[in-house]
**Student:** 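The structure under discussion is supplied below as structure tokens; questions concerning it will follow.
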There are 2 protein chains.
Amino acid sequence: MFPVKEADLHATEFYPGTQAVARAIALLKAFSDAQPEWTLNDLARATGLNKTTAFRLLSALEAEHLVMRNPLSGAYRLGVELIALGGVAMRSNPLRTVSRPTLVTLAEQSGEAATLEVLMDAHVLVLDEVAGDNPMGMTQDVGSRLPVHATATGKVLLAFSSEEQTEKLLAAPLQPLTERTVTEPEQLRRELARIRQEGFAVTQGELEPGFVAVAAPVIDRERQAAAAISVGGPSLRLTAERLPQIAAMVQMAARQISRQLGYWPG
Amino acid sequence: MFPVKEADLHATEFYPGTQAVARAIALLKAFSDAQPEWTLNDLARATGLNKTTAFRLLSALEAEHLVMRNPLSGAYRLGVELIALGGVAMRSNPLRTVSRPTLVTLAEQSGEAATLEVLMDAHVLVLDEVAGDNPMGMTQDVGSRLPVHATATGKVLLAFSSEEQTEKLLAAPLQPLTERTVTEPEQLRRELARIRQEGFAVTQGELEPGFVAVAAPVIDRERQAAAAISVGGPSLRLTAERLPQIAAMVQMAARQISRQLGYWPG
DNA sequence: TATTATAATTTCACATTATGAAATAACATC
DNA sequence: GATGTTATTTCATAATGTGAAATTATAATA
């Protein structure tokens, strides 16, 4: 399709005639919750761009409000236009639109927060969240990225994705987030096998202490795990004896969404 | 600062060496709640780009997941990466961080939904929303754009911005959203004068029937209206007799945030 | 207050990269 | 099977994006 050099495939993909745009996007992607503010020099260094080039691209992004600057320090942050674009992206996301009613029902049934998440590299992205009876964190998490190996949704998505992708993720070291986070690749492999068998995944204090979640996969028309939904809450409420019941609810909701996406089992 | 041609200033600003990036952003900005899906031809026509150019830029955006395609029709939509970037932009927004505690208190005090909004062209962008006692719409609105002339926040921001900007907005026809929407420039000018006097704005069914909101301006260190906060709810609860009390709360909260931004009156 | 170091802008010559007309391929629709 | 419509690909051309170097602004130190 495009004359892409072999070597480039593993680095950043590169399509002819799109260097500047690809670089501008790389700049945007450098911003994260962990590092939301960058100085020009640092950002240029981090992205491997020439300082002048980074400056020029950032100026273009700033003019369109995709980035803004700290008026005192001159440091760069993501701008309000991205909040607006993110809102449009979210509200027009077909997966989210289809899933929402089921997610609302699931949150009511379980009384806990229900979420919809998709795979993005080594993270899951929270596409939607519906609070349960006991509103705790609110929808603070929509648009957040969470590590695959420490979330129920991540493990489910991994379990039902290609072996190639699984191994790619297991190749990188698994960061511990709590003392219960699974960081042994072999242990995770065993767990993924069990998830494939049983059709759902559980995390108990692996992402943050005292937080329990149960997830099941959403399968699309092409028989791919397009997303995962979960129910999560404090371990005090989501006790061991309640888990089977919750798991059944989540699985049923996931199947319902899958069916709406055109998936037909068998 | 840059050799920008006079004529270009009123069209799309154009900085040398950033054409491709500016064009890619123009493509992204074409997507909206009203038209979230575009066919290549239509999008190229709407943005005034050559079809090939639009295709190439969109391919770059697609490779980075800023846009995605409808697998059946091939039509373009905004992609999940924008949801992630929007999330980072939102959570790292200084205005939002500073305002949140006050907004939470305001929602508790009033029992109604409280919002934080900023001006973006002819719209206000919802940066944050905290539900009141009676949760209705949930935080569906964060990242949404609403017309300036039909919102309390919009009117407040207009009232406290430059005359130049006000006149620019009044020059364009004001779309009616309900039968109560103010569409007469002269009427709006009088209202803005009253808002400057009293320090707060009200909308009663001008955005949607039965919805009432009260807003006050947040002033920053440079004595500019950087944002507006509001309290809103159904007209059945936000009755005429409650409004003065609500307005006082909103104004006090706005002053508190302004002070935290470094604004010192007098 | 001078001196030095560091980071942010601007300039500019150069060629790599983006451009768009035209051709081709892939779909729908009749 | 023909016809119109939309999506890709090709490719010659030069306009656009590039980055080294110079300049300016800002902070840190003596």
Side-chain angles (χ1 to χ4, degrees), chain A residues 1-5 7-8 11-28 30-31 35 37-64 66-77 79 221, chain B residues 1-5 7-8 11-28 30-31 35 37-64 66-77 79 221:
Chain A
M1 155 164 154
F2 277 106
V4 179
K5 284 187 198 150
D8 292 337
T12 314
E13 298 101 289
F14 183 77
Y15 297 76
T18 59
Q19 192 191 57
V21 173
R23 285 173 163 185
I25 296 172
L27 286 170
L28 293 178
F31 295 84
Q35 178 143 10
E37 191 167 300
W38 285 92
T39 180
L40 174 62
N41 271 339
D42 289 349
L43 190 49
R45 211 167 299 141
T47 52
L49 293 174
N50 178 287
K51 195 172 51 149
T52 310
T53 302
F55 177 73
R56 186 166 9 84
L57 294 173
L58 285 166
S59 296
L61 295 171
E62 189 188 0
E64 302 293 343
L66 296 220
V67 303
M68 61 188 284
R69 308 186 67 169
N70 183 325
L72 300 171
S73 67
Y76 292 90
R77 281 178 180 276
R221 181 189 302 274
Chain B
M1 155 159 155
F2 277 106
V4 179
K5 285 189 196 148
D8 292 337
T12 314
E13 298 100 291
F14 182 76
Y15 296 77
T18 59
Q19 190 191 58
V21 173
R23 285 173 164 187
I25 296 171
L27 286 171
L28 293 178
F31 295 84
Q35 178 144 10
E37 190 168 300
W38 284 92
T39 181
L40 174 62
N41 270 338
D42 289 350
L43 190 48
R45 211 166 299 141
T47 51
L49 293 174
N50 179 286
K51 195 173 49 151
T52 309
T53 302
F55 177 72
R56 182 165 13 84
L57 294 173
L58 285 165
S59 296
L61 294 171
E62 188 188 0
E64 303 293 342
L66 297 219
V67 302
M68 61 187 285
R69 307 185 67 168
N70 184 326
L72 300 171
S73 67
Y76 291 90
R77 279 178 181 277
R221 179 188 305 271

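We name chains A, B, ... by the order of the sequence lines, and we start the count at 1 in each one.
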**Student:** Consider the side chain of A/Arg69, meaning its heavy atoms from C-beta on, and name the nucleotide among D/dT18, C/dT9, D/dT9 that approaches it most closely.
**Tutor:**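 So the nucleotide nearest the side chain must be C/dT9.
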**Student:** Would you tell me if any nitrogen or oxygen in the side chain of B/Arg56 comes within less than 4.0 Å of OP1 or OP2 on C/dT19?
**Tutor:**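 Checking B/Arg56 against C/dT19: at least one side-chain N or O falls below 4.0 Å of OP1 or OP2.
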**Student:** For B/Ala30, is there any backbone N or O sitting under 3.5 Å from a side-chain donor or acceptor partner on B/Trp38?
**Tutor:**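 A pair under 3.5 Å: yes.
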**Student:** Please find the pair of heavy atoms, one from A/Arg77 and one from A/Phe31, that lie closest to each other, and give the distance.
**Tutor:**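 Result for this residue pair: CA-CE2, 3.8 Å.
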**Student:** Just how far, in rounded Å, is P of D/dT10 from CZ of B/Phe55?
**Tutor:**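 Those two atoms, CZ and P, are 11 Å apart.
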**Student:** Return the value, rounded to whole Å, for the distance between atom CD of B/Glu62 and atom C1' of D/dT8.
**Tutor:**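 Checked: the CD to C1' distance equals 13 Å.
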**Student:** What distance separates B/Leu28 CG from B/Leu43 CG, expressed to the nearest 0.5 Å?
**Tutor:**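 Here the interatomic distance stands at 9.5 Å.
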**Student:** Quick one, B/Asn41 with B/Thr39, criterion side-chain hydrogen bond (donor to acceptor under 3.5 Å, both in side chains). Give me CA distance, side-chain angles, the key distance, then yes/no.
**Tutor:** CA-CA 6 Å; B/Asn41 270 338; B/Thr39 181; 5.8 Å; no
**Student:** Whole-Å distance between C/dA18 C1' and B/Gln19 CD?
**Tutor:**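 Atom-to-atom, B/Gln19 to C/dA18, this comes out as 8 Å.
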**Student:** To the nearest angstrom, how far is A/Asn50 atom CG from C/dT17 atom P?
**Tutor:**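 Answer to the nearest Å: 13 Å.
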**Student:** Under 4.0 Å from OP1 or OP2 of D/dA7: is there any side-chain N or O of B/Thr39 that close?
**Tutor:**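 Yes, within the criterion.
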**Student:** Can you say whether a donor on the side chain of B/Thr52 sits under 3.5 Å from an acceptor on the base of C/dA21, or the other way round?
**Tutor:**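 Answer is yes: a donor-acceptor pair is held.
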**Student:** Provide, to the nearest angstrom, the distance between the CG atom belonging to B/Asn41 and the P atom belonging to C/dC27.
**Tutor:**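 Value for this atom pair: 16 Å.
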**Student:** How long is the line joining NZ of A/Lys51 and P of D/dG17, in whole Å?
**Tutor:**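 Atom-to-atom, A/Lys51 to D/dG17, this comes out as 21 Å.
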**Student:** If we only count heavy atoms from C-beta on, is the A/Glu62 to A/Met68 side-chain gap below 4.5 Å?
**Tutor:**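 No, too far: nothing below the 4.5 Å cut-off.
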**Student:** C/dG20 phosphate, OP1 or OP2: any side-chain N/O from B/Arg23 under 4.0 angstrom?
**Tutor:**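 Yes, B/Arg23 has a side-chain N/O under 4.0 Å of OP1/OP2 on C/dG20.
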**Student:** Rounded to whole Å, how long is the line connecting atom CG of A/Leu72 with atom C1' of C/dA8?
**Tutor:**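 In whole Å, C/dA8 C1' and A/Leu72 CG are 16 Å from each other.
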**Student:** Would you say B/Thr53 reaches C/dG20's phosphate, i.e. side-chain N/O to OP1/OP2 under 4.0 Å?
**Tutor:**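 Answer is yes, contact under 4.0 Å.
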**Student:** Which value, in whole Å, describes the distance between the C1' atoms of nucleotides D/dA15 and C/dC12?
**Tutor:**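 Here D/dA15 and C/dC12 have their C1' atoms 16 Å from each other.
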**Student:** For A/Val21 and for B/Ser73, find the nucleotide of DNA chain C with the closest heavy atom, then tell me which residue's nucleotide is more 5'.
**Tutor:**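 Nearest nucleotide further toward 5': that of A/Val21.
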**Student:** Nearest-Å distance, CG (A/Asn70) to C1' (C/dA7)?
**Tutor:**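 Value for this atom pair: 15 Å.
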